[in-house]
Amino acid sequence: MNDKSKKPQKLKARLPRGFVDRSAADIHATNEMTAKIREVYERYGFDPVETPLFEYTDALGKFLPDSDRPNEGVFSLQDDDDQWMSLRYDLTAPLARHVAENFNEIQLPFRTYRAGYVFRNEKPGPGRFRQFMQFDADTVGAPGVQADAEMCMMMADTMEALGIKRGDYVIRVNNRKVLDGVMEAIGLGGEENAGRRLTVLRAIDKLDKFGIEGVRLLLGEGRKDESGDFTKGAGLKQMHIDYIASLFLETKDSESIKQVQSSEEARRSMMLPLQGVLGGNKQNETYLNGIDELLSLKSLVTAAGYGPERVLIDMSVVRGLEYYTGMVYEAELTFDVTNEKGEKVVFGSVGGGGRYDGLVSRFMGQPVPATGFSIGVSRLMTALKNLGKLGQDEVIAPVLITVMDGDVESMGRYQRFTQALRNEGIRAEMYQGNWKKFGNQLKYADRRGCPIAIIQGGDERAQGVVQLKDLIEGKRLSGEIEDNASWREARVAQETVPEADLVAKVKEILSAQAEDRKRAGNA
């Protein structure tokens with residue numbers, strides 16, 4: 001058989017791993033949620049800005065999300081002038097580039113927000129995607145702890161604006177200076193230990209994912225996952241692993257946390273755990289500066305009415321990215337949800353951020369303080385659906401104007417009906433398929449979920465009337481009619497009105513349908 005007689009191979013339609021298609025319902029739910037977040041950010045005085053999906057790879061710098069993945073966790077390509085570009089892995093690094101490039105034009109402090117997709121070249125899995133949406137807010141040019149405190153309070157307000165009640169969330173706060181002080185104490189200070197230091201921080205950051213024992217493995221020789229893949233660990237001594245575990249992994253309800261939340265004497269008490277590593281009465285200024293900043297933040301948020309049930313100091317908060325230099329925070333949901341296996345699990349983190357004073361400075365050669373917060377839109381949307389706080393406002397399908405005759409005059413009338421409904425804010429569409437098979441039009445309306453079908457044939461046109469078919473009521477009544485003769489005789493949920501009354505009657509039917517849905521929801 002020669003090649004000419006072979007049938008051409010059909011291209012297989014397949015979605016890349018780690019990516020998803022989004023339905024209309026998902027998009028409407030996302031828009032509903034981001035509108036509420038935007039309202040809070042705007043109320044705090046933040047303004048929008050937008051940066052492109054691609055950045056030059058060197059602008060992203062050394063602060064990449066995953067050194068164990070190809071291209072260090074980002075998707076990269078080389079353009080036609082041999083420069084490497086990468087899809088952004090977060091919205092913070094592009095903001096730093098934007099601020100540096102426009103530094104003479106912007107007003108400091110620069111308070112801005114933006115929403116958009118980010119991309120991670122990571123191993124995909126259940127609930128773990130390579131493309132996802134974030135919604136960030138940042139303040140650039142404000143060095144004080146008060147800017148960090150405001151971020152925490154704004155995140156608490158955002159959670160409540162989304163319908164998450166107090167007690168179902170908490171904004172957890174730590175300081176990377178505390179962590180850096182500990183790294184210095186166990187011999188991991190200095191630029192030469194930057195890689196091992198980051199490995200330790202990323203290991204601690206995986207507490208919610210792998211548990212204490214999994215993190216201990218990552219702090220030691222390494223950990224093998226269920227698939228057999230091995231992740232090399234930080235190679236710490238056992239005494240240092242035990243110390244880190246006691247300070248950062250087992251402290252959510254410890255006495256030290258309660259002291260930080262309740263007393264300025266915490267400065268002294270929080271230094272005690274480090275004495276065993278430092279020896280004698282040695283001090284670690286980095287560690288103490290971190291504790292002082294945490295205490296200042298606690299005072300500020302408490303004075304504004306944001307107690308520990310909303311903003312909580314928690315030593316287990318780390319954040320895995322290297323560019324954080326001070327406060328780090330996470331928004332955590334604390335209620336139980338049912339996962340795909342039917343198990344009750346705590347939802348966990350839906351956003352995070354912190355202070356990144358060095359990120360803009362890389363471009364400037366001068367200090368430029370900055371702090372910000374990022375909400376994981378896709379993850380938070382899942383949580384809100386579990387709470388029944390999202391997607392409750394059902395999007396109504398359009399009213400369908402059917403086509404009975406294909407001449408220009410008739411088509412003009414159908415289009416006029418359609419525009420009259422749209423002009424009154426009613427979703428409407430004129431059927432655009434093969435109009436000669438009228439039954440297919442009603443099948444289309446049924447599959448589309450259309451609430452009403454508008455029908456006008458030659459007889460109706462001669463009388464200046466239209467027929468309105470209440471498809472929702474018709475579907476309900478059809479279950480009560482046993483044969484076609486009864487159906488034709490009953491003319492289920494169908495009535496005739498003058499053309500001039502079309503819009504008013506459609507509004508009346510849609511209003512009645514809305515009342516039925518409301519009653520059904522309250523039943």
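No experiment lies behind these values; they were computed from the predicted model shown. Keep in mind that the numbers below use all heavy atoms, side chains included, and drop hydrogens, waters and symmetry copies.
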Problem set entry | Closest non-hydrogen atom pair between Val40 and Ala161, with its separation | CG2-CB, 3.6 Å
For this session: Walk me through it: do Tyr41 and Phe135 pass the test ring-ring contact (aromatic ring centres under 6.0 Å, His included)?
Result: CA-CA 10 Å; Tyr41 289 3; Phe135 202 146; 5.2 Å; yes
Problem set entry | Test side-chain hydrogen bond (donor to acceptor under 3.5 Å, both in side chains) applied to Glu50 - qualifying residues, sequence neighbours left out | none
For this session: Would you mind checking if Asp242 and Arg216 are paired as a salt bridge, meaning a charged N to carboxylate O distance below 4.0 Å?
Result: yes
Exercise. How long is the gap from CZ on Arg114 to CG on Leu91, to the nearest 0.5 Å?
Worked result: 5.5 Å
For this session: Taking all non-hydrogen atoms of both residues into account, name the closest pair between Val74 and Ser86 and its distance.
Result: CG2-OG, 3.8 Å
For this session: With sequence neighbours left out, write down each residue that passes ring-ring contact (aromatic ring centres under 6.0 Å, His included) with Phe373, or none if nothing qualifies.
Result: Tyr329
Seminar exercise, completed: Across all chains, not counting sequence neighbours, the side-chain hydrogen bond (donor to acceptor under 3.5 Å, both in side chains) partners of Asp180 are none
For this session: Establish, for the pair Arg111 and Phe46, whether the NZ or CZ atom is under 6.0 angstrom from the six-membered ring centre and no further than 45 degrees off its axis.
Result: yes
For this session: Kindly confirm or rule out a cation-pi arrangement of Arg130 over Phe119, judged by NZ or CZ under 6.0 Å from the six-membered ring centre and within 45° of its axis?
Result: no
Seminar exercise, completed: Interatomic distance, CG@Asp157 vs CZ@Arg310, rounded to 0.5 Å, equals 5.5 Å
Problem set entry | Thr139 side chain to Ala147 backbone, donor-acceptor under 3.5 Å | no
